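To start, the structure itself, in structure tokens.
In this text, all values refer to a predicted model and were calculated from it rather than measured experimentally.
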Amino acid sequence: MIIKVEDIYFKYPSGGTVLNGISFEIKKGECVALLGVNGAGKSTLLKCINAILSPYKGVVYINGEGISSWGRRRIAQHIAYVPQRSQDSDLTVFEMIALGRKPYIDWALSEEDYQIIDDVITSLGLQNFTLKRVSELSGGEFQKVMIGRALAQTPDVFLMDEPTNHLDIKNQLDVMRTIRKITKSRIPSVATIVCLHDINLALRFADRLLFLKDGLIWSIVTPEELDPKIVFNVYGVPVSIVKSKGYNVVVPVDEEHYNEERNYPAHTLRSHYFRGTGPRP
Amino acid sequence: MAFFYFERGSLGVQDNGLLDKRSSSLRFKRYVRSKRRLILLLCFLGSLVILVSLSVGAYRIPYGELIEALLGMSSGKQAILVWNIRLPRTVASLVVGAGLALAGLTLQSLLRNPLASPSTLGISQGAAFGAAVSVVVFKLKYLSITIFAFGGSFLATIIILFLGKLKRLTPESIILSGVALSSLFSAATVLIQYIANETELATIVFWTFGDVSRSNWQEIGVTAFAVFIALGFVYFRSWDFMAIESGEESAKGLGVSVERLRWQGMALVAIVSSVATAFHGVIAFVGLIAPHAARRLFGSNYSLLVPATSLLGALLLLGADTAGRAIIGSGGLPVGVITSFMGAPLFLYLLMRGYRR
């Protein structure tokens, strides 16, 4: 076990409970995708884990130690957080990655810091961008820089908030592949939680899928165990799951064909999805 | 010591021969060194401007005599002129310019707003209002005026912070609330001017002109002390400010206590701008122009940006003051007028270019 989230409750001051008791555990070298509709509390959960937001109840443990008594700096030495894209800074790529050393430095980089930054840049293949400003990078390159910054933090846990937003399919795959490879091959190993909108990316790159609904964990499944019912219950969209080249792929199904899909009971459809739409064949 | 993260090639980066072979950190260090040389060049330019500013004025001092006077080798009229009139003015320009520029940089970073500066957010106007209140209502003099000016600017700062934080305003709305605050404080100052007697009115009007010619060494000393503290603070917290550059949540994720830094920084800004305003009046736009110019030249690396911004601010104000004296002769134009004339077009330019932060 590397990270354990126990009974997290969170409420925004403006009202509305967002998280209603979330508990799960993630092991070293495991990549978990966090899924759910917009506003389900995925980003909120990441920020609660990272103590950017403070939950009113619940504890996060890292390597068995509760982090609620830790300072911001110490948390940052163990958890690296990549927020949703905000690519509007004049920093150079080197400086941006060097920021990952922030939890360890006071006001100047040491030789060891330089060494680590060098290693990160080389292992992500970013050498040609070292002195370019991050605002001039393409979306995919920028996301890699942000991953590099997280790597430079030498953390135990990676939190990534929708790293594939606004990226084309090649860059989406590229970024997810990098994240997965880091999770699997970094020494010492790391646990990754990544927020995603695309279930198929999650099926392909995550070890487990964690679905959030109504502030609760609806289900935690491996890609092989994913059931159309879960997707329907979480997103309200009828889907079928097909196998392609060894991967499960989620395909949304037209409403008219819902009878042909016998994967979920018809009463669920009537009570939720087709409510008020008139008689059905 | 090598720091290995991955088994070789495990991230699947293929070196197709196009990747830069040189060490990234060596290249970065070289880049920083070249920027440092640029700062040195600015210092050199600055010393030339200082010489010009000491020489230009109603009575023009030839450079040879100027240097003799500076080195204490002459004791005639020129020496008195240089030491008692020209030098305080020059040093005041440098110190106030550096302080306002630094305050602008800090505000722009902490509020994540490229249009923030003591004058655009109404902080300077708040100081002027506080000063007016102390002169007319409480009949105070000297240091007490500064304390009131500080109170006024602190009030403005707190209102801005409150609006920005609790109401989650966008950058545009923060600037608009700054406009509202400025006109509120200006109106209140006018009201106080209306009920003031002639001497008090003269004192207050004197305030609203930003002018560096009236300072004595003590006032300069106090301002320099405040600026020095602020400079040290921002410089030693360079990495915290850089982290904020990459977004507030990002910064928190990197271990920066953003709220605490914001309060400390804003308090320092309030101190620096109120001391500057209390002794030298409202000098607009230096706090806006200098950080932007420095950012253009040096990027967002605060260990370069902080010295560069203060240096550019100092040179800008000194240049403006010297230009004022060179054009008008005698006492010259109040420098606040010149900076406002220079600043307004820049403000428009920034708006048109579209701000990113």
Side-chain angles (χ1 to χ4, degrees), chain A residues 47 50-52 71-77 79-83 86 88-92 94-96 98-103 105-109 112 114-128 130-131 133-135 149 151 153-154 159 177-178 181-182 184-187, chain B residues 1-16 18-32 112 166 168 235-240 242-258 260 295-296 298-303 305 355-357:
Chain A
K47 286 176 203 164
N50 198 15
I52 287 177
R72 214 148 252 308
R73 201 177 151 106
R74 183 157 176 216
I75 293 174
Q77 291 172 358
I79 305 177
Y81 168 64
V82 178
S86 58
D88 54 1
S89 144
D90 281 333
L91 293 168
T92 62
F94 191 94
E95 287 155 357
M96 189 56 117
L99 271 178
R101 300 306 295 160
K102 173 74 197 65
I105 58 178
D106 291 316
W107 68 281
L109 294 169
E112 193 197 344
Y114 277 115
Q115 184 77 54
I116 290 171
I117 297 162
D118 255 353
D119 281 356
V120 168
I121 288 177
T122 320
S123 51
L124 289 172
L126 290 169
Q127 292 96 318
N128 289 1
T130 306
L131 297 178
R133 295 195 179 176
V134 291
S135 49
R149 193 184 80 180
L151 268 177
Q153 272 176 266
T154 58
L159 306 177
R177 207 172 279 141
T178 311
K181 280 177 175 160
I182 287 167
K184 292 298 165 195
S185 67
R186 206 197 86 163
I187 309 160
Chain B
M1 183 196 80
F3 200 100
F4 291 108
Y5 277 97
F6 308 103
E7 292 158 36
R8 191 174 293 275
S10 63
L11 281 191
V13 173
Q14 279 146 22
D15 192 347
N16 48 10
L18 297 175
L19 289 178
D20 207 314
K21 295 275 183 299
R22 295 165 297 169
S23 146
S24 295
S25 44
L26 281 183
R27 276 158 63 211
F28 177 71
K29 283 177 189 168
R30 203 171 300 139
Y31 159 83
V32 170
R112 306 204 16 84
L166 290 186
R168 296 192 176 277
Y235 186 73
F236 283 101
R237 305 291 295 269
S238 293
W239 283 91
D240 297 66
M242 277 164 79
I244 289 182
E245 272 314 283
S246 70
E248 190 173 328
E249 280 170 359
S250 232
K252 285 183 183 169
L254 291 168
V256 179
S257 307
V258 178
R260 197 165 62 199
R295 231 177 251 278
R296 272 288 165 95
F298 296 92
S300 289
N301 185 338
Y302 273 66
S303 57
L305 194 55
Y355 39 91
R356 280 180 299 157
R357 224 169 317 284

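Both the backbone and the side chain of V256(B) come within less than 4.5 Å of a heavy atom in chain A. For I75(A), no part lies near chain B; criterion is any non-hydrogen pair under 4.5 Å. If you measure heavy-atom distances from L126(A) to chain B, you find no contacts under 4.5 Å at all. Of the atoms belonging to L91(A), heavy atoms from both backbone and side chain fall under 4.5 Å from chain B. Of the atoms belonging to A108(A), it is backbone heavy atoms, and not side-chain ones, that fall under 4.5 Å from chain B. Using a 4.5 Å cut-off between heavy atoms, F94(A) contacts chain B through its side chain alone, with no backbone atom that close. For P83(A), the part lying near chain B is the side chain, with the backbone staying farther off; criterion is any non-hydrogen pair under 4.5 Å. Residue contact with chain A, scored on non-hydrogen atoms closer than 4.5 Å, involves the backbone and the side chain of F236(B) alike.
The backbone N or O of K252(B) lies less than 3.5 Å from a partner atom in the side chain of R72(A), making a donor-acceptor pair. At distances below 3.5 Å, not a single donor-acceptor pair connects side-chain atoms of N50(A) with backbone N or O atoms of G253(B).
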Discussion item. Show, in sequence, the C-alpha distance, side-chain angles and deciding distance for T92(A) and F28(B), and conclude whether the side-chain contact (heavy atoms from CB on, under 4.5 Å) test is met.
Written reply: CA-CA 9 Å; T92(A) 62; F28(B) 177 71; 4.3 Å; yes
Discussion item. Between Y302(B) and E95(A), is the side-chain contact (heavy atoms from CB on, under 4.5 Å) condition met? List the steps.
Written reply: CA-CA 10 Å; Y302(B) 273 66; E95(A) 287 155 357; over 6 Å; no
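Here CH2 of W239(B) is found 4.5 Å from CD1 of I105(A). Values are rounded to the nearest 0.5 Å. One distance of note links CG of D118(A) with OG of S23(B); it measures 4.0 Å at 0.5 Å rounding. Note that the CD1 atom of I121(A) and the OG atom of S25(B) stand 7.5 Å from one another [nearest 0.5 Å]. Interatomic distance, L109(A) CG to S303(B) OG, rounded to the nearest 0.5 Å: 8.5 Å.
For CZ of R260(B), the number of neighbouring non-hydrogen atoms (other residues, nucleotides, ligands) closer than 6.0 Å is 12 at most.
Side-chain polar atoms of S246(B) and R149(A) form a donor-acceptor pair below 3.5 angstrom.
Salt-bridge formation is not detected for the pair D90(A)/R296(B): no Lys NZ or Arg NE/NH1/NH2 atom is positioned less than 4.0 Å from an Asp or Glu carboxylate oxygen.
Most heavy-atom pairs under 4.5 Å with chain B, from the set G71(A), A98(A), A80(A): that is A98(A).
Closest approach of L254(B) to L99(A), counting heavy atoms only: CD2-O, 3.5 Å.
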